[in-house]
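Below: the structure, in C-alpha cells.
All values reported here derive from a predicted model rather than from experimental measurement. Numbering of ligands and ligand atoms starts at 1, following listing order. For the numbers below, each heavy atom of this structure counts, side chains included, while hydrogens, waters and symmetry mates do not.
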Amino acid sequence: MEFRRVYLDNSATTPVKDEVINEMVDVLKNYHGNPSSIHQFGQDVKPLVEKSRQSVAKLIGAQSNEVYFTAGGSEADNWAIKGTAFALKNKGNHIITSKIEHHAVLHTCEYLEKFHGFEVTYLDVNDKGMINIDELKSSIRPTTILISIMFANNEIGTIQPIKQIGEISRENKILFHTDAVQAVGNIEIDVNEMNIDMLSLSGHKIYAPKGVGALYIKKGIKIHNLIHGGAQERKLRAGTENTAGIAAIGKACELAFENLNDHTKRITELRDKLIKGVLEKIPHTIVTGDREQRLSTIASFCFRFIEGEALLLSLDMVGIAGSSGSACTSGALDPSHVLMSLGLTHEIAHGSLRLSLSDFTTDEDIEYVLEKLPVIVERLRSMSPLYEAFQKGENK
Ligand SMILES: *Cc1c(COP(=O)(O)O)cnc(C)c1O
C-alpha cells in the first residue's frame with residue numbers, strides 16, 4: 001500500500017469533529033458575552049451553557065444540575081478526590097483506589113497521603129488488569145470515605161465491574177468516584193443504575209477540544225471546592241466559563257449519544273480485525289488487558305525482544321502514530337505502572353504498543369498497519385541480541 005498517515009493514538013487525544021468545531025466557532029463569533037453578566041450579551045450565552053450541560057447529563061443518565069464543567073479530566077479527578085477527602089476528613093481518612101489508575105488519580109491520592117494524613121489502599125489487579133472484588137470488600141474499613149476506581153483503563157482498555165463496585169460502595173455507605181474519561185462515548189453509562197456518585201469525563205477524548213471536561217456529582221453529595229472564586233457552576237467551581245469549550249463538549253456528547261451503538265459496533269470490528277491480524281502475523285506477541293471486558297477503542301500488545309520506543313519511531317516513519325506504555329521519563333525508560341501491575345517482566349513490558357481507534361479510523365488504516373507492523377517488528381528483532389539468543393536456544 002502507498003504511504004499514508006494513520007492516527008491510532010486516540011486514547012491520548014482524538015481529532016475534533018467538524019460539527020463540534022462549527023459549534024465552537026459559532027460561540028466565539030456570535031456569543032462573546034460573559035454568562036454572569038446581566039445584559040443581553042451575557043444572557044444570550046447562558047442557555048448555550050445549560051444546553052451543553054443537558055447533553056453531557058443525558059449521555060451518562062444524570063440530571064443536568066448534577067454536571068459541573070471543569071478544565072478537563074485531570075481537574076475533575078482532582079476535584080472529586082480532594083473535594084471528598086477535605087469534606088469528609090472528620091468522618092474518616094481512608095481511600096481505596098487501584099494500582100492502574102491514571103496519574104490524575106494516583107498522584108492526587110499520594111499527595112493526600114503525604115501532606116494531609118490520609119491512608120490509601122491501592123488495589124492490585126490480575127494479569128488482565130481487573131481488580132478483585134473480594135479484595136475490594138476486605139479493604140473496606142470503618143474509616144473508608146471514598147472508593148475511586150476507573151471505568152476503563154487508558155493503556156490496556158480493561159473495563160472494571162463498575163456496577164458491582166457501585167453496589168458495594170452503596171452497601172457500605174462509601175462514596176464512589178469513577179474516572180470514566182476513556183469510557184464515556186464508548187460504553188453505555190447510567191450513573192443511577194451503576195450507583196456512581198461522581199464521574200469524571202474529558203472533552204478531548206471524545207472529539208471535543210482539550211482543556212474542557214466535567215465532573216458529575218450526584219445530587220445531595222457535598223464536596224469541597226477545588227477552585228475558589230466567583231459563583232459560577234452553582235458556586236462549586238469558580239472561573240468564567242469556557243463557553244466555546246463547553247458548547248463543544250456538549251455537542252460531542254450529543255453526537256456520542258446518537259452514535260453510541262453504531263460507533264461501538266464498527267470500532268469493535270476494526271479493533272478485532274487488528275488484534276487478530278497482529279496475532280496471526282507476529283509471533284511472540286501478547287495482547288495486554290482483558291480480551292472480553294475491553295474498550296472498543298484500544299488494541300494493546302507486547303512484542304517480545306523489542307523496545308516500544310524504537311517501534312514507535314519506526315512506525316512514525318511509515319506514517320503510523322501509536323503509543324507505548326513505556327514512558328521515557330528523565331532519560332530512564334521505565335515500563336508504565338499499568339503494565340508492571342499486570343505482572344509482566346520488564347523485558348516484555350518494554351515491547352509494548354497501544355493502537356487506539358476512533359470514528360475516523362478506516363478499514364484501509366487497519367490494512368496498512370497489518371502490512372507495515374509485522375515487517376518493522378521482524379526488522380527490529382533481527383537486530384536484537386536477545387532474539388538471537390532466544391532463537392539459538394529454540395533451535396537446540
Ligand atoms: C486523558 C485521561 C485523563 C486526563 O484528562 P485530561 O482532560 O487530559 O486532563 C484522566 N484519566 C484518563 C483515564 C485519561 O485517559
Side-chain angles (χ1 to χ4, degrees), residues 7-16 20 56 60 67-83 97-111 122-123 125 129-131 148-160 162 165 177-187 189 196 198-216 226-227 237 239 242 244-246 248-250 252-253 256 288-290 293-300 321-325 327 336-339 341 352 354-358:
Y7 183 75
L8 290 174
D9 201 12
N10 291 283
S11 294
T13 195
T14 60
V16 182
V20 174
V56 175
I60 58 171
V67 171
Y68 301 84
F69 291 111
T70 67
S74 298
E75 185 190 317
D77 285 340
N78 270 263
W79 183 16
I81 297 168
K82 289 178 195 163
T97 185
S98 84
K99 286 189 178 158
I100 63 163
E101 298 297 311
H102 190 273
H103 282 146
V105 168
L106 283 181
H107 291 169
T108 301
C109 288
E110 286 163 16
Y111 160 80
Y122 300 89
L123 296 176
V125 294
M130 203 65 86
I131 67 152
S148 179
I149 304 282
M150 72 198 318
F151 208 118
N153 184 269
N154 48 302
E155 286 187 39
I156 56 174
T158 299
I159 301 168
Q160 302 296 338
I162 290 300
I165 300 170
H177 164 252
T178 186
D179 174 343
V181 170
Q182 294 288 339
V184 166
N186 293 314
I187 302 173
I189 297 178
I196 296 168
M198 287 170 279
L199 176 147
S200 305
L201 61 106
S202 173
H204 75 106
K205 309 285 174 82
I206 56 168
Y207 313 104
K210 295 152 192 66
V212 63
L215 180 65
Y216 153 80
L226 184 67
I227 313 280
R237 199 282 184 182
N242 171 8
I246 287 172
I249 198 173
C253 286
T288 51
D290 198 275
Q293 296 303 315
R294 163 181 284 272
L295 278 175
S296 52
T297 45
I298 294 186
S300 54
S323 78
S324 173
S336 79
H337 63 286
V338 176
L339 295 173
S341 298
S352 67
R354 177 188 71 184
L355 299 173
S356 45
L357 295 74
S358 79

With sequence neighbours left out, what residues match His107 under ring pair (Phe, Tyr, Trp, His ring centres under 6.0 Å)? His103

Identify the protein atoms, limited to N or O, that lie within less than 3.5 Å of an N or O atom of ligand 1, and list each pair with its distance to 0.1 Å.
unit_1	atom_1	unit_2	atom_2	d
ligand 1	7 (O)	Gly73	N	2.8
ligand 1	7 (O)	Ser202	OG	2.6
ligand 1	7 (O)	His204	NE2	3.4
ligand 1	8 (O)	His204	NE2	2.8
ligand 1	9 (O)	Gly73	N	3.4
ligand 1	9 (O)	Ser74	N	2.9
ligand 1	9 (O)	Ser74	OG	2.7
ligand 1	11 (N)	Asp179	OD1	3.3
ligand 1	11 (N)	Asp179	OD2	2.6
ligand 1	15 (O)	Gln182	NE2	2.7
ligand 1	15 (O)	Lys205	NZ	2.7

For Thr297, does its backbone N or O pair with a side-chain atom of Ser356 as donor and acceptor, under 3.5 Å? no

Looking at residues at least two apart in the chain, or sitting in another chain, which of them share a side-chain hydrogen bond (donor to acceptor under 3.5 Å, both in side chains) with Ser296? none

Any side-chain heavy atom of Asn154 sitting closer than 4.5 Å to one from His102? yes

Would you say the side chain of Val338 lies within less than 4.5 Å of the side chain of Ile156, judging by non-hydrogen atoms? yes

Residue set satisfying salt bridge (Lys or Arg N to Asp or Glu O under 4.0 Å) with Arg237, at least two apart, ordered chain then number -> Glu75

